[in-house]
Amino acid sequence: MTDELLLRRPRVFGLSVWDLASAIGARVVRDAGEGPVTGVSVDSADTRAGEAFIAIGGFTTHGAKYAGQAITGGARAIITDVQGLDLIDDAPGVALLEVADPRAVVGTAARLVYGDPARDVQVIGVTGTNGKTTTSTILSQILARAHGESGLFGTVEVRLGQQTSVSPRTTLEASIVQRLLALAREDHVPAVAMEVSSHAAHLGRVAGVRFAAVGFINLQHDHLDYHRTMESYFEAKATIFTPEYAERAVVCVDDEWGERLAARCEIPVLTVATDKPADLVATEITSIPAGTRFTVIDGEERHVIEMPLTSQIMVQNAMVAIGLARTLGIDWQDVTDAMATVSPAPGRMQVVAARSERYPLVMVDYAHTAEAIEAILTTLRELTPGELTIVFGSDGDRDRVKRPDLGRVAARLADRLYVTDENPRSEDPATIRAEILAGVREVRPNMAGVIEGETRRQALTDAILAAGPRDTVVVTGKGAEPYQEIQGVKHPYNDVPVAREALTQREDA
Ligand SMILES: CC(=O)N[C@H]1[C@@H](OP(=O)(O)OP(=O)(O)OC[C@H]2O[C@@H](n3ccc(=O)[nH]c3=O)[C@H](O)[C@@H]2O)O[C@H](CO)[C@@H](O)[C@@H]1O[C@H](C)C(=O)N[C@@H](C)C(=O)N[C@H](CCC(=O)O)C(=O)O
Ligand SMILES: Nc1ncnc2c1ncn2[C@@H]1O[C@H](COP(=O)(O)OP(=O)(O)OP(=O)(O)O)[C@@H](O)[C@H]1O
C-alpha cells in the first residue's frame, strides 16, 4: 500500500474566490491571482497549485504559521481567522479570506469546490466505540457484492475500488473526505462505507457529507481524555444521527446508549439487536468450525447467516452492517452471499495460529477498552479447553482513567497476564504498566500468573512459548498497527509477524 490515493487530485471546475467567499461567509481581504479555486486543504504540506489553504488555529499550533509552505505549493487562496491574518507577513499573488472559525468552514468549502460529490456517491457512516473498522469492512464487502465496486474510509485503510492507501487516522479531515468522494465519483465507485469517530463528529470532519445512512454500534468507556464525560462523548456521536447529516439510521440497541439514540432519532430508524426485541434480531448464535452461524429474524422472515469471523462480538458488528445494507435496499441474497465469504478487518480477532495438536490458538486483536477486552476474553474462554493468556498494555498520552479497568477485567477473566507496552508515546512505559497492574492487584492480590513484560516483542514471544496446545494466547491493543510509538519515534512493529516468529521457535524447540 502507498499513499498515492491520498495524494491524488480529482478533476473539478472549482469555484471563483468570490463565490467561495460568499458561500462560506468570508470577508475577502484581498483578491489576487487568477483562476478558480480547484481544491481545499488544511495542511500546508499538502496544498497544491490552485487550491485554498484553510489555516486553522488548532490545539497545538496555528496553520497560518505555515502559510509560506502553502504559497510555495501554489495556493490560490488562504482562508483564516483574524489571528491567522496577523501571522501572515506577505502572501504575494494569493487571495486572502477572513472567517470567524476556519475549522467550521472546511466541510462546506470542500463540498462546494469538489462539486458536492456525496450527491453522486452513496456515503454510509459507521460509529461506535468498538467495531467501526470491522463493521465498515463488512459493509464495504456487502456493497461490493451488490454494486460491483465499493469504497472504504477507515482506521486501517482508505480504499476506492481496487486502489488502497494506508489510512493516517480513523476519520480524515473534511477536505480529504470530500476530495476522496470526488475521486470516487470520477472512478464510478457508487458507494463508500466510512468510519466516523467521535473526534471527527465533534471537530466537523464530516461537515458537508450527506450520509445515505448512518449506523451506531455501541458506546463504551473510552476517549474521556477528549470528551470528559460519557454524556458529551455520546452527544458527539449522536450529531450525525440528525436530518442535517443523514437520510436514515441503523441503531444497535444492545446497550442503553443505543436505546436512547433510537428513541430520540428524528430520521427513520431500523433497530438491530442480539437476542432482544428490535426490527432485526440476531439469534441462535453458534460457533462453527468455519466461524460463526446465526439467524436473523426480520418480521416473519428468518435468514441464516454463516460468516468466517470468530466470536459473538462480531455478530453485533455484522448486524449493524446487515441493517445498513437492508436499509439501503440491498436484498437478502446479496447479504447472505457476501457474509459467507467476508474477510475480517486486519488485526481484529485475527487468527495467527488455529488450535492444533502442536499449537495453541493464537489471536491478534485490537481491543483497547475494558468492555472490548471483557468481550473477547469471554468469547475466547468458550473456545479454550486449557488456559487463557492475554498480552496487553495501554496507550500513552491517551485516556489514562481506563488503565486500572483494563487490569481488573483481564485479571478477572484470563489465567495468565503479560502486562507490557503498547504505544507509550511521551509517557514513561513503567508508569503505564504500574497503573494497569494496580487494577490487576485489586482482583488478584497474590499476582499469580501475572508477568510484567518490558518489551512487547519479548512478552508476546514468552507467552506463546509458554502456552500448550489446549491454551489460547491473545495479544490486544495494537491490531494491524505497523509501528510502536515511543518518545515520538515510530519503530516498525507488528504483533502478527512477532507471533509467527514465536510459533516458529516452538517448532524448532
Ligand atoms: C484532537 C485532534 O484530533 N487533533 C488533530 C488536529 O489537531 P488540530 O486541528 O488542533 O491541529 P494542530 O496540530 O494544532 O495544527 C493546526 C493546523 O495547522 C496545520 N499545520 C500544522 C503544521 C504544519 O506544518 N502545517 C500545517 O498546515 C494542521 O494541519 C492544522 O490544520 O489536526 C492535526 C493535523 O491534522 C492532527 O494531527 C490532530 O490529531 C491528533 C494528533 C490526534 O491524535 N487525533 C486523534 C485523537 C483522533 O482524531 N482520533 C480519532 C479516532 C479515535 C478513535 O480511536 O475512535 C480519529 O478519527 O482518528
Ligand atoms: N461490537 C463490539 N463490541 C465490543 N468490542 C468489539 C466490538 N467489535 C470489535 N470489538 C473489539 O474492539 C476492537 C477494535 O475493533 P474495531 O477496530 O473494529 O473497532 P473501532 O471502533 O474501529 O476501533 P478504533 O476506533 O479504536 O479504531 C476489536 O479488536 C475487538 O476486540
Side-chain angles (χ1 to χ4, degrees), residues 41-47 53-70 73 78 80 84 102-103 106 126-138 153-156 167-176 194-206 217-220 222-223 225-227 233 236-237 252 254-255 274 309 311-320 344-350 363-380 392 395 397-399 423 425 474-481 485:
S41 174
V42 296
D43 179 357
S44 57
D46 186 35
T47 306
F53 170 55
I54 303 188
I56 296 172
F59 292 99
T60 53
T61 185
H62 200 299
K65 289 186 190 160
Y66 312 94
Q69 188 178 32
I78 295 174
T80 191
R103 200 191 290 279
V106 180
V126 173
T127 196
T129 306
N130 283 304
K132 295 183 295 296
T133 304
T134 309
T135 304
S136 51
T137 301
I138 296 173
F153 302 168
T155 310
V156 178
S167 176
R169 67 159 77 137
T170 297
T171 311
L172 301 160
E173 296 293 345
S175 46
I176 308 179
M194 171 177 171
E195 291 184 48
V196 182
S197 68
S198 54
H199 297 79
H202 189 240
L203 291 170
R205 291 187 209 149
V206 288
I217 313 162
N218 51 39
L219 194 78
Q220 300 170 352
D222 204 4
H223 303 312
D225 54 330
Y226 183 84
H227 297 290
Y233 181 26
K237 289 207 180 286
C252 177
D254 280 349
D255 71 25
T274 316
L309 306 181
S311 105
Q312 289 240 357
I313 52 175
M314 292 299 155
V315 175
Q316 190 177 65
N317 303 329
M319 284 299 289
V320 175
R348 275 77 180 160
M349 293 299 270
Q350 183 177 342
M363 298 192 85
V364 170
D365 188 55
Y366 193 44
H368 49 266
T369 65
E371 284 98 335
I373 289 184
E374 172 154 16
I376 56 142
L377 290 179
T378 308
T379 296
L380 290 178
F392 73 115
D395 268 349
D397 299 339
R398 297 285 184 276
D399 192 352
N423 296 302
R425 300 199 171 87
V474 60
V475 54
T476 60
K478 288 190 65 64
E481 281 175 9
E485 190 178 337

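Quick note: residue numbers are just sequence positions, from 1. Both ligands and their constituent atoms are indexed starting at 1 by order of listing. On a predicted model such as this, the values are computed, not experimentally measured, just so you know.
Between Thr61 and ligand 1, at least one N/O pair is under 3.5 Å apart. Close N/O approach between Gln69 and ligand 1 is not found [any backbone or side-chain N/O within under 3.5 Å].
Taking all atoms of both residues into account, the shortest heavy-atom contact from Arg103 to Gly57 is NH2-O, 4.3 Å.
Heavy-atom proximity to atom 9 (O) of ligand 1, evaluated over His199, Glu195, Arg103, Glu173, is greatest for Arg103. Heavy-atom proximity to atom 6 (C) of ligand 2, evaluated over Leu377, Asn130, Ile217, Val196, is greatest for Asn130. Relative to atom 50 (C) of ligand 1, the option among Gly63, Ser175, Gly154, Ser197 with the closest non-hydrogen atom is Ser197. When the heavy atoms of Tyr366, Phe59, Phe53, Tyr66 are ranked by distance to atom 4 (N) of ligand 1, first place goes to Phe59.
Heavy-atom contacts of Glu195 reach the following atoms of ligand 2: 22 (O) (cutoff under 4.0 Å). Which parts of ligand 2 touch Asp365 is read off a 4.0 Å heavy-atom cut-off, strictly below it: atoms 28 (C), 29 (O), 30 (C), 31 (O). Less than 4.0 angstrom separates some heavy atom of Asn317 from each of these atoms of ligand 2: 1 (N), 2 (C), 7 (C), 8 (N), 9 (C). Distances below 4.0 Å separate heavy atoms of Lys132 from the following atoms of ligand 1: 55 (O).
Taking a 4.0 Å cut-off on heavy atoms, Arg398 registers as neighbouring ligand 1. Note on ligand 2: Arg348 sits in its first shell, one or more heavy atoms being nearer than 4.0 Å. The closest approach between any non-hydrogen atom of Thr129 and ligand 2 is below 4.0 Å.
Looking at Thr155 against ligand 2, only its side chain comes within 4.0 Å, counting heavy atoms. Neither the backbone nor the side chain of Glu371 comes within 4.0 Å of ligand 2, counting heavy atoms alone. At a 4.0 Å heavy-atom cut-off, ligand 2 touches Thr134 through backbone and side chain alike. Here Lys132 has heavy atoms under 4.0 Å from ligand 2 in both its backbone and its side chain.
Remark: Asp395 engages Arg425 in a salt bridge, criterion side-chain N to carboxylate O under 4.0 Å.
Interatomic distance, Ile376 CD1 to Glu371 CD, rounded to the nearest 0.5 Å: 13.0 Å.
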